[in-house]
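Presented below is the structure to which this report refers.
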Amino acid sequence: MREDLDLTRVPQHVAIIMDGNGRWAKQRGMLRVQGHRAGLETLREVVRHSQRLGVKYLTVYAFSTENWKRPQDEVSGIFKLVVKYVQSELAELCANNVHVSVLGDWDALGVPEESKESLRKLIGTTKENTGLHFNIALNYGGRAEIVNAVNKILAEGLDKIDEQTLSDHMYTAGMPDPDVIIRTSGENRLSNFLTWQSAYSEIVLTPVFWPEFTNDEYEKCIVEFQKRDRRFGGHK
Ligand code: FPP
């Protein structure tokens, strides 16, 4: 581990926009879906390293509501990787006490049935686990999440709400907001990720493409977070 990393001040909730798989593949004359495959290897390692670091919540952006605009073979390639991930990782996730949630409209029409089945199994098998909370945002959009929360509130017949009410109806109900949002590949947008929850999150950007995001890069991002002075609107 890096010497400049303070293990007593590791963020409780880390959220990641895993960007740059396509460009990484293109640079190598490979297909985009091969980039996503390489990205999945990175994800495996990041889940493992989050546990070593003592991160309590890890949320990754796997597929946005906008990603449907991509070519059909790329979309189906990503959903096949979901199946592959569950096949290869479920035993280890269970052995490590990882609790997996899926944020977003993952049960929607259009999501392949085999992917839904894998996700149901992943959620069901890990639901009693009490270790790392690993959230996969899939068919997720931040604005859609807010609209969904408001509709749930209306259906409950509430006529007066506050911020807590909204938080309690988000996919992340009961979880702390992300302390830090990391985005790889040099882009500096939030792209409809955790729109409600990111109000006070630190944003850490790295130029590295997601398939090249090593544990050391991950630690560098946390060190960068630790250098920031979080005031939540107040002052010292
Ligand atoms: C962004 O790179 C990456 C994605 C849209 C997909 C990421 C998905 C995975 C790593 C696999 C998901 C599977 C599980 C189980 C979570 P990009 O394609 O936007 O890259 P580019 O900006 O270079 O084109």
Side-chain angles (χ1 to χ4, degrees), residues 14-50 57-94 96 98-107 110-112 114-126 132-142 171 181-194 205-214 217-218:
V14 173
I16 308 184
I17 303 177
M18 312 183 286
D19 199 8
N21 293 343
R23 278 164 288 163
W24 179 88
K26 193 173 174 207
Q27 262 185 358
R28 284 161 182 74
M30 290 157 77
L31 298 171
R32 293 182 58 85
V33 70
Q34 291 176 289
H36 297 313
R37 205 170 293 147
L40 192 62
E41 295 304 318
T42 302
L43 180 60
R44 281 194 177 114
E45 280 306 315
V46 164
V47 171
R48 291 186 183 125
H49 207 49
S50 297
Y57 296 83
L58 171 71
T59 303
V60 300
Y61 208 179
F63 192 85
S64 75
T65 46
E66 289 74 35
N67 286 152
W68 291 107
K69 294 181 206 142
R70 296 188 176 207
Q72 169 64 37
D73 60 337
E74 183 177 351
V75 170
S76 65
I78 292 175
F79 284 116
K80 281 201 181 98
L81 285 178
V82 171
V83 177
K84 189 178 151 197
Y85 180 78
V86 177
Q87 271 168 1
S88 67
E89 298 305 291
L90 187 55
E92 183 180 323
L93 292 170
C94 281
N96 290 334
V98 178
H99 177 115
V100 186
S101 302
V102 185
L103 318 182
D105 194 9
W106 60 273
D107 208 10
V111 175
E114 56 163 8
S115 306
K116 290 184 189 175
E117 254 167 53
S118 294
L119 292 170
R120 266 183 224 118
K121 188 167 154 196
L122 181 63
I123 297 166
T125 319
T126 64
L132 174 72
H133 282 248
F134 174 36
N135 299 319
I136 303 173
L138 196 87
N139 198 16
Y140 174 89
Y171 295 121
I181 299 181
I182 298 171
R183 182 166 191 158
T184 57
S185 92
E187 304 289 345
N188 46 22
R189 292 179 296 278
L190 282 177
S191 300
N192 206 14
F193 187 45
L194 303 176
L205 306 168
T206 164
V208 168
F209 291 145
W210 179 248
E212 291 173 331
F213 187 78
T214 56
E217 285 299 331
Y218 187 8

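All ligand and atom numbering here is 1-based and tracks the order in the structure. Everything numeric here is computed off the predicted structure, so don't read it as measured data.
Between the side chain of S64 and the backbone N or O of E66 there is at least one donor-acceptor pair closer than 3.5 Å. Put simply, the side chain of R28 gets close to the backbone of W24: a donor and an acceptor are under 3.5 Å apart. In this structure, T206 contributes its side chain and T184 its backbone to no donor-acceptor pair below 3.5 Å.
The shortest N/O to N/O separation between Y61 and ligand 1 does not fall below 3.5 Å. Looking at ligand 1, you won't find any N or O of I78 less than 3.5 Å from one of its N or O atoms. Ligand 1 has no nitrogen or oxygen under 3.5 angstrom from a nitrogen or oxygen of W210. On a distance-only criterion, G39 and ligand 1 share no N/O pair closer than 3.5 Å. For ligand 1, one of its N or O atoms has an N or O atom of N21 under 3.5 Å away. An N or O contact shorter than 3.5 Å is missing between W24 and ligand 1 by distance.
A salt bridge links R44 with E41: at least one charged nitrogen is closer than 4.0 Å to a carboxylate oxygen. For the pair R23 and E212, the salt-bridge criterion is not met [side-chain N within less than 4.0 Å of a carboxylate O].
Shortest contact from atom 11 (C) of ligand 1 to any protein heavy atom: L40 CD1, 4.1 Å. Closest to atom 19 (O) of ligand 1, if we only count protein heavy atoms, is R70 NH2, 2.8 Å. Residue, atom and distance of the protein heavy atom nearest to atom 20 (O) of ligand 1 are G22 N, 3.0 Å. Residue, atom and distance of the protein heavy atom nearest to atom 8 (C) of ligand 1 are A62 O, 3.6 Å.
To the nearest 0.5 Å, atom OG1 of residue T59 and atom CD1 of residue I182 are 11.5 Å apart.
Only the side chain of I136 comes within 4.0 Å of ligand 1, judged by heavy-atom distances. Of all the heavy atoms of N67, the ones lying under 4.0 Å from any atom of ligand 1 belong exclusively to the side chain. For L43, every heavy-atom contact with ligand 1 shorter than 4.0 Å involves the side chain, none the backbone. When non-hydrogen atoms are compared, ligand 1 lies under 4.0 Å from the side chain of R32 (C-beta onward) but not from its backbone.
The residue among E66, E187, H36 with a heavy atom at the shortest distance from atom 4 (C) of ligand 1 is H36. The nearest non-hydrogen atom to atom 21 (P) of ligand 1, considering only E89, K80, R23, M18, comes from R23.
Ring geometry for F79 against F63 counts as tilted: the plane angle lies between 30° and 60°, on a 0 to 90° scale.
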* Asked: R120 and E117: salt bridge (charged side-chain N to carboxylate O under 4.0 Å, His left out), yes or no, with the steps?
  -> CA-CA 5 Å; R120 266 183 224 118; E117 254 167 53; 5.1 Å; no
* To do: List the steps and the verdict of salt bridge (charged side-chain N to carboxylate O under 4.0 Å, His left out) for R32 and D73.
  => CA-CA 10 Å; R32 293 182 58 85; D73 60 337; over 6 Å; no
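Put simply, part of G20 is less than 4.0 Å from ligand 1, judged by heavy atoms.
Residues L43 and M18 share a closest heavy-atom pair of CD1-SD, 3.9 Å.
Close approach of ligand 1 to Y85 (heavy-atom distance below 4.0 Å) involves ligand atoms 15 (C).
Outside the 6.0 Å centre-distance limit, the rings of Y140 and W106 are not counted as a close aromatic pair.
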